[in-house]
Each structure stands twice: as structure tokens, then as C-alpha cells.
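Just so you know, these numbers use all the heavy atoms, side chains as well, and skip hydrogens, waters and symmetry mates.
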Amino acid sequence: ELVTGRPVWLAARITRDEAPEVLRAHRRALALTHRLLLVLVPEDGAAHATAQQALADTALRVCHWDEGDMPDESTQVLLTEGPEEIGLWFRLAPLAFLGGSLVAGPGGLDPYPAAALGSALLVAQLVTGDSAQPATDPLRLVPAPREPVAAEPGGGHLEGEDQRHD
């Protein structure tokens, strides 16, 4: 109820190396959408500590969920201590960045549980997991453009979208 009508995105199970980059992206997005709320879910205690320090170095307004804080209209970041309630956040956020995919390391999250709970997914590299598949339909990796890409006339459909007739 407290986030009804607000745009929300989720950074799910981010690593300590990803926290500053996710916050940088959020600050840039706030310049375009001032009511945007980031739900920041660290992978572990080390990532949580890094996120807290990175947030302390910014002027962002933070709600500490596991301390009993509730977000209000001025909250810009909702910080959790860990992934225990990740299902709730995937249901709440229509867009989710999957942690473990931004920096080199052991790999990211299995994308299928997040997608099954309704979130559109952002990943920076390949994702891994028990049920993760190579980059084929229905999940497909799209390299980031080097230059901004203008929308094409006639729709802005995803590649292959017009070929599906379910």
C-alpha cells in the first residue's frame, strides 16, 4: 500500500562489488523519475555492509526494512539485510536487476523463479543456476549498445516477437 502508484525496481541479491554501481544507476534514474523506489536486496552480510556504507555516502533517503522502517513518499531506497523475503520483492517490483551478473565472479542468479513471480529481468552478463539455459528463447542476451539507439518506426517490438502465435 505504501508503494502503490510509485515506480519500483529491485536489485536482487547484489554482491558487495555491485552495490555502488547499482546506487549510481539509481541516482541517474531518479533524475528522470523522481518518485522511483529501489528495493536493494544484498546477497549476504558483506554486501549489506557495503550497501549501507555506500548509502551513507549519498544523500538518498533510506528505509531499513529489517529494522522495522516503513517506506514513505520520500523514501528512495528500501534496504533489506538479506534475501529471505526475495519472493515478496519479485512480486512487488515489475523490473528486477539480478545480482551477480554485473561483475566477474561465480555467476548470477537463476532467472526463472524471478520471471515466474512477474518481474521483467535485467542482467549484465550470463546468468547461472540449476534451470538456467543458454541464451536462447525465452531468455535472450542482448548486448548493450555503444551509442543510444533510437526507437524504430512502427512499433519497437522485440526481435522475433511478431513470429510468436500462441
Side-chain angles (χ1 to χ4, degrees), residues 1-30 32-52 54-55 60-103 105-142 144 158 161 164 166:
E1 208 173 282
L2 294 172
V3 297
T4 301
R6 288 188 67 185
V8 178
W9 74 290
L10 169 65
R13 300 185 76 140
I14 61 161
T15 66
R16 65 182 180 172
D17 294 331
E18 293 171 321
E21 294 301 319
V22 167
L23 292 173
R24 184 176 299 123
H26 185 59
R27 285 192 307 270
R28 291 185 70 183
L30 282 169
L32 301 172
T33 308
H34 73 282
R35 296 182 67 235
L36 182 63
L37 175 65
L38 166 63
V39 177
L40 189 60
V41 179
E43 172 67 20
D44 54 27
H48 181 262
T50 301
Q52 275 192 306
L55 284 163
L60 294 173
R61 292 178 296 279
V62 182
C63 166
H64 297 273
W65 180 256
D66 294 298
E67 294 175 11
D69 291 351
M70 296 299 285
D72 60 29
E73 281 296 316
S74 67
T75 302
Q76 296 170 312
V77 178
L78 186 150
L79 177 64
T80 72
E81 289 184 10
E84 294 78 19
E85 296 178 294
I86 196 74
L88 166 68
W89 307 123
F90 280 129
R91 285 182 192 92
L92 179 71
L95 180 65
F97 167 73
L98 298 184
S101 68
L102 188 59
V103 296
L109 298 176
D110 182 350
Y112 293 100
L117 292 173
S119 282
L121 307 178
L122 292 174
V123 294
Q125 298 174 359
L126 288 174
V127 292
T128 62
D130 294 336
S131 64
Q133 300 293 321
T136 59
D137 197 32
L139 295 177
R140 175 168 93 57
L141 291 181
V142 179
L158 296 175
E161 186 177 37
R164 287 181 266 165
D166 295 332

inquiry  = Which residues pass the side chain to side chain contact (heavy atoms under 4.5 Å, CB included) test with A46, not counting sequence neighbours?
reply    = R16, D44

For I14 against A19, the heavy-atom pair lying closest together = CD1-CA, 3.6 Å

task = For residues E67 and E81, report the shortest heavy-atom separation together with the two atoms involved.
result = CG-OE2, 4.5 Å

request  = Of all the heavy-atom pairs spanning S119 and A93, show the shortest one and how long it is.
outcome  = OG-O, 2.7 Å

query = Any idea which heavy atoms bring F90 and A12 closest together, and the distance?
reply = CZ-CB, 3.7 Å

key: With R61 via salt bridge (Lys or Arg N to Asp or Glu O under 4.0 Å) - residues at least two apart   = none

request  = List in chain and number order the residues that pass side chain to side chain donor-acceptor pair (under 3.5 Å) with E43, two or more places apart in sequence or in another chain; answer none if no residue qualifies.
outcome  = R13

key: Set of residues satisfying side chain to side chain contact (heavy atoms under 4.5 Å, CB included) with respect to T80, sequence neighbours excluded   = V41, P42, W65, D66, L78, W89

remark   = From the list L36, L38, L95, side chain to side chain contact (heavy atoms under 4.5 Å, CB included) with P7 holds only for L36

key: Verdict with supporting geometry, T75 and L37, side chain to side chain contact (heavy atoms under 4.5 Å, CB included)   = CA-CA 7 Å; T75 302; L37 175 65; 3.8 Å; yes

note = Rounded to the nearest 0.5 angstrom, the CG-CG distance for L40 and L10 is 8.5 Å

query = Who pairs with T50 by side chain to side chain donor-acceptor pair (under 3.5 Å), at least two apart in sequence or on another chain?
reply = none

ask   = Going through the checks in order, is the side chain to side chain contact (heavy atoms under 4.5 Å, CB included) test met by L102 and F97?
value = CA-CA 9 Å; L102 188 59; F97 167 73; 3.7 Å; yes

message = Please find the pair of heavy atoms, one from L98 and one from S101, that lie closest to each other, and give the distance.
response = O-OG, 2.8 Å

query = Which atom pair, heavy atoms only, marks the closest approach of C63 to M70?
reply = SG-C, 3.6 Å

Which atom pairs, one a donor and one an acceptor, fall under 3.5 Å between side chains of residues 21-30 and the rest of the protein, sequence neighbours left out?
| unit_1 | atom_1 | unit_2 | atom_2 | d |
| --- | --- | --- | --- | --- |
| E21 | OE1 | R24 | NH1 | 2.7 |
| E21 | OE2 | R24 | NH1 | 2.5 |
| H26 | ND1 | W9 | NE1 | 3.0 |
| H26 | NE2 | Q76 | O | 2.9 |

ask   = Do D17 and T15 have side-chain atoms, one donor and one acceptor, less than 3.5 Å apart?
value = no

message = Just verifying a value: how many Å separate R91 CZ and L117 CG, rounded to the nearest 0.5 Å?
response = 4.5 Å

